[in-house]
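What follows is a short report on a single structure.
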Amino acid sequence: PKEIVALYQSTLKADPTKRPRGATVLASPFFGTQLVWINQELSNLQLMDAGEKEKFFLKLAECLDSLPDIYLRKKLLPELLKAVEFGGAGTAAIAPM
């Protein structure tokens with residue numbers, strides 16, 4: 001997308017001190033989408049306590065209809081299954097499925 005070209009180009013500067021920090025890049029509106037949020041939360045799922053997991057799964061269940069079908073089948077469902085099998089997510093992870 002055109003909106004991110006300048007930001008992307010700034011990350012390619014030869015001098016690393018002139019490149020934006022990761023937090024600056026992630027603060028871009030381009031990365032403020034539900035899909036990015038879900039991926040960030042999924043990557044931190046093993047580190048969450050039971051209350052944080054439950055909150056995540058409840059919010060996830062609310063936004064499933066707006067996510068692409070291919071993402072649901074190829075990314076989200078396998079991650080939820082892993083969370084149930086290995087991550088101690090319990091029944092909270094079953095609701096979004």
Side-chain angles (χ1 to χ4, degrees):
K2 290 180 183 181
E3 301 87 30
I4 197 161
V5 171
L7 179 62
Y8 174 71
Q9 288 174 337
S10 70
T11 65
L12 301 175
K13 292 183 178 179
D15 183 359
T17 62
K18 294 186 179 182
R19 296 180 197 153
R21 296 196 160 277
T24 304
V25 174
L26 290 176
S28 163
F30 184 77
F31 293 104
T33 66
Q34 276 186 337
L35 197 58
V36 172
W37 173 79
I38 291 169
N39 281 319
Q40 287 175 328
E41 295 297 303
L42 283 175
S43 68
N44 294 324
L45 199 56
Q46 300 298 326
L47 305 174
M48 292 180 186
D49 63 35
E52 291 170 325
K53 286 179 183 179
E54 185 174 348
K55 184 178 174 184
F56 166 67
F57 289 127
L58 288 173
K59 192 167 181 181
L60 177 62
E62 294 172 3
C63 64
L64 287 177
D65 291 336
S66 65
L67 299 174
D69 186 57
I70 191 83
Y71 174 79
L72 294 172
R73 289 186 286 120
K74 300 288 184 175
K75 174 69 176 174
L76 188 59
L77 184 58
E79 290 295 328
L80 293 177
L81 291 173
K82 281 194 290 189
V84 169
E85 187 173 357
F86 304 112
T91 56
I94 296 173
M97 287 187 212

Under 3.5 Å donor-acceptor, Glu52 side chain and Asp49 backbone:
yes
In this structure, CD of Gln46 is separated from NZ of Lys53 (nearest 0.5 Å) by 6.0 Å
Residue pairs passing the salt bridge (charged side-chain N to carboxylate O under 4.0 Å, His left out) test with at least one member in residues 7-34, sequence neighbours excluded, are none
Joining Ile, Leu, Val, Met, Phe, Trp and Tyr whenever any side-chain heavy atoms lie under 4.5 Å apart, the cluster holding Leu47 also takes in none
Hits for side-chain hydrogen bond (donor to acceptor under 3.5 Å, both in side chains) against Glu79, two or more places apart or cross-chain, chain-then-number order -> Lys82
Value for CG (Leu60) from CG (Leu42), rounded to nearest 0.5 Å, stands at 7.0 Å
Residue set satisfying side-chain hydrogen bond (donor to acceptor under 3.5 Å, both in side chains) with Asn39, at least two apart, ordered chain then number -> Tyr71
Leu7 and Pro20 have their tightest heavy-atom pair at CD1-CG, 4.5 Å
Validation: residues 26-38 side-chain donor-acceptor distances under 3.5 Å, sequence neighbours left out:
from  : atom 1 : to    : atom 2 : distance (Å)
Ser28 : OG     : Phe30 : N      : 3.2
Thr33 : OG1    : Val36 : N      : 3.3
Gln34 : OE1    : Ser66 : OG     : 2.9

Residues passing the salt bridge (Lys or Arg N to Asp or Glu O under 4.0 Å) test with Arg73, sequence neighbours excluded, are Asp69
For Ile70, the other hydrophobic cluster members (4.5 Å side-chain criterion, sorted by chain and number) are none
Residues at least two apart in sequence or cross-chain that pass side-chain hydrogen bond (donor to acceptor under 3.5 Å, both in side chains) with Tyr8, listed by chain then number, are none
Beyond-backbone contact of Lys55 with Met48, side-chain heavy atoms, under 4.5 angstrom
no
